[in-house]
Amino acid sequence: LEVKYTLYEYPRTYRFYFTDSPANERLVEAINQYLPAIDPSQSVILHQHGERELLERYVSQRHQRSLYMVASAVAAVLALLAIIALIYHRRLMQVITERNIEIERQRRALYEANVKLEALSRTDPLTGVANRRYFDERANREYARMERQAGALSLMLIDVDHFKVVNDCYGHLTGDAYLQKIAQVLKQNVGRVTDTVARYGGEEFVCLLPDISADDARKLAERIRSEVEALHLPNPAVEPPWVTVSIGVASLKGDAHSLQEMFSQADSQLYAAKQ
């Protein structure tokens, strides 16, 4: 910029030096004769204008460079803040994802614990079949469904014969093992989703059989009785000396009788089987 404005656009004052010689002295003398005739006022005005414009352009460029540097610095700071914000956002999203995974894991664990707790609350801990409370709930629901649909409902009461003798002779641990094996026979034979096998108390079991006729219920009861006898669980109180069960069966069709009457009928049949 300085070279351009100095050499081309605006005039300047130039000074020339000559060596001391006769020829140069004559040249200087000739030049000096013409100098008084030259009017430099216009050149001086152009020179001053050029100096001012040159300075203004220089200052403008300095301002532009300063603004550019400031803008660059601000952009760099903003970029740095953006990178920090992006890193923080990614870290935050990672933490949120990890927390969500942990929450979901805890939710599943809580759900599984509730399912297990619910299963324990309705399961007999010794035999693994349903307990009496859960059986009573299922019996009421199935009886109500039978009334609505005019279906059939059968019930089996199962009692282990002379079980007190088993406990007295072999101890309660052996008696508990017998009950577990008998419960396994029941679960193997009463296996539909709608069926319910439960321990009703002590050595007594109960089976609820929706949509099963009285004849089919009697056949199922006989199969259970024979399979329990085939286990050959020792019982010194009877001959042959094996554990046996007695089963009372009752069936309802329609709403002619109540659930309590069906239980009473099954209990009467159980008493007759005992004889």
Side-chain angles (χ1 to χ4, degrees), residues 1-126 128-131 133-134 137-138 141 187 191-194:
L1 183 63
E2 183 180 0
V3 172
K4 177 180 178 181
Y5 280 94
T6 300
L7 299 181
Y8 301 106
E9 290 192 11
Y10 299 103
R12 291 293 188 272
T13 299
Y14 297 97
R15 182 171 296 175
F16 298 92
Y17 296 91
F18 298 92
T19 58
D20 189 8
S21 65
N24 288 342
E25 287 179 0
R26 288 192 298 271
L27 177 61
V28 170
E29 183 179 355
I31 291 175
N32 286 337
Q33 291 177 359
Y34 289 94
L35 285 179
I38 296 176
D39 182 10
S41 59
Q42 186 65 30
S43 297
V44 171
I45 293 174
L46 291 175
H47 173 71
Q48 292 175 347
H49 176 72
E51 291 290 340
R52 185 169 54 252
E53 186 174 344
L54 180 62
L55 182 61
E56 289 176 355
R57 292 188 182 184
Y58 174 74
V59 172
S60 176
Q61 289 182 359
R62 286 292 301 272
H63 288 169
Q64 290 178 359
R65 284 196 297 268
S66 299
L67 290 175
Y68 175 76
M69 292 177 63
V70 171
S72 299
V74 172
V77 172
L78 292 178
L80 180 61
L81 292 176
I83 293 173
I84 295 175
L86 180 60
I87 294 174
Y88 177 77
H89 175 72
R90 288 182 176 177
R91 177 58 182 167
L92 183 61
M93 292 302 298
Q94 182 180 1
V95 171
I96 293 175
T97 301
E98 292 174 355
R99 294 286 176 84
N100 288 338
I101 293 174
E102 179 63 19
I103 290 173
E104 179 63 20
R105 187 191 66 79
Q106 293 178 354
R107 188 195 65 80
R108 288 199 304 269
L110 181 61
Y111 173 77
E112 292 173 359
N114 287 334
V115 170
K116 291 179 181 179
L117 183 61
E118 176 64 22
L120 290 174
S121 68
R122 64 190 187 189
T123 303
D124 176 62
L126 175 63
V129 298
N131 56 25
R133 181 181 67 85
Y134 179 71
E137 295 174 359
R138 284 295 303 268
R141 288 201 300 267
K187 288 192 290 185
R192 298 184 309 166
V193 176
T194 55

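For clarity, every value in this text was computed on a predicted model and none was experimentally measured. In this chain, residues are counted from 1 in sequence order.
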For this session: Run the salt-bridge test on Glu104 and Arg108 with the 4.0 Å N-O cut-off and return the result as yes or no.
Result: yes
Exercise. For Ser60, which residues count as a side-chain hydrogen bond (donor to acceptor under 3.5 Å, both in side chains) partner, sequence neighbours excluded?
Worked result: none
For this session: I would like to know whether Val95 and Arg91 meet side-chain contact (heavy atoms from CB on, under 4.5 Å); could you show each step before the answer?
Result: CA-CA 6 Å; Val95 171; Arg91 177 58 182 167; 3.8 Å; yes
Exercise. Taking all atoms of both residues into account, what is the closest heavy-atom pair of Arg138 and Thr194, and its distance?
Worked result: NH2-O, 3.0 Å
For this session: Nearest 0.5 Å please: distance from the CE atom of Met69 over to the CD atom of Gln64.
Result: 14.0 Å
Problem set entry | Over 12 non-hydrogen atoms of neighbours within 6.0 angstrom of NZ in Lys187 | yes
For this session: For Ser21, enumerate each residue passing the side-chain hydrogen bond (donor to acceptor under 3.5 Å, both in side chains) test, keeping only those at least two apart in sequence or located in another chain.
Result: Asn24
Donor-acceptor list for residues 75-90 side chains, cut-off 3.5 Å, not counting sequence neighbours:
none

Problem set entry | Between CG on residue Leu110 and CD1 on residue Ile103, distance to nearest 0.5 Å | 12.5 Å
Problem set entry | Listed partners of Arg62 passing side chain to side chain contact (heavy atoms under 4.5 Å, CB included), at least two apart | Tyr58, Arg65
For this session: Only counting residues at least two apart or in another chain, list the ones meeting side-chain hydrogen bond (donor to acceptor under 3.5 Å, both in side chains) with Arg99.
Result: none
Problem set entry | Closest heavy-atom pair and its distance - Arg122, Arg133 | N-NH2, 4.1 Å
Exercise. If you measure from OG1 on Thr19 to CD on Glu25, what distance do you get to the nearest 0.5 Å?
Worked result: 9.5 Å
For this session: Applying side-chain hydrogen bond (donor to acceptor under 3.5 Å, both in side chains), name anything that partners Arg105, two or more places apart in sequence or on another chain.
Result: Glu102
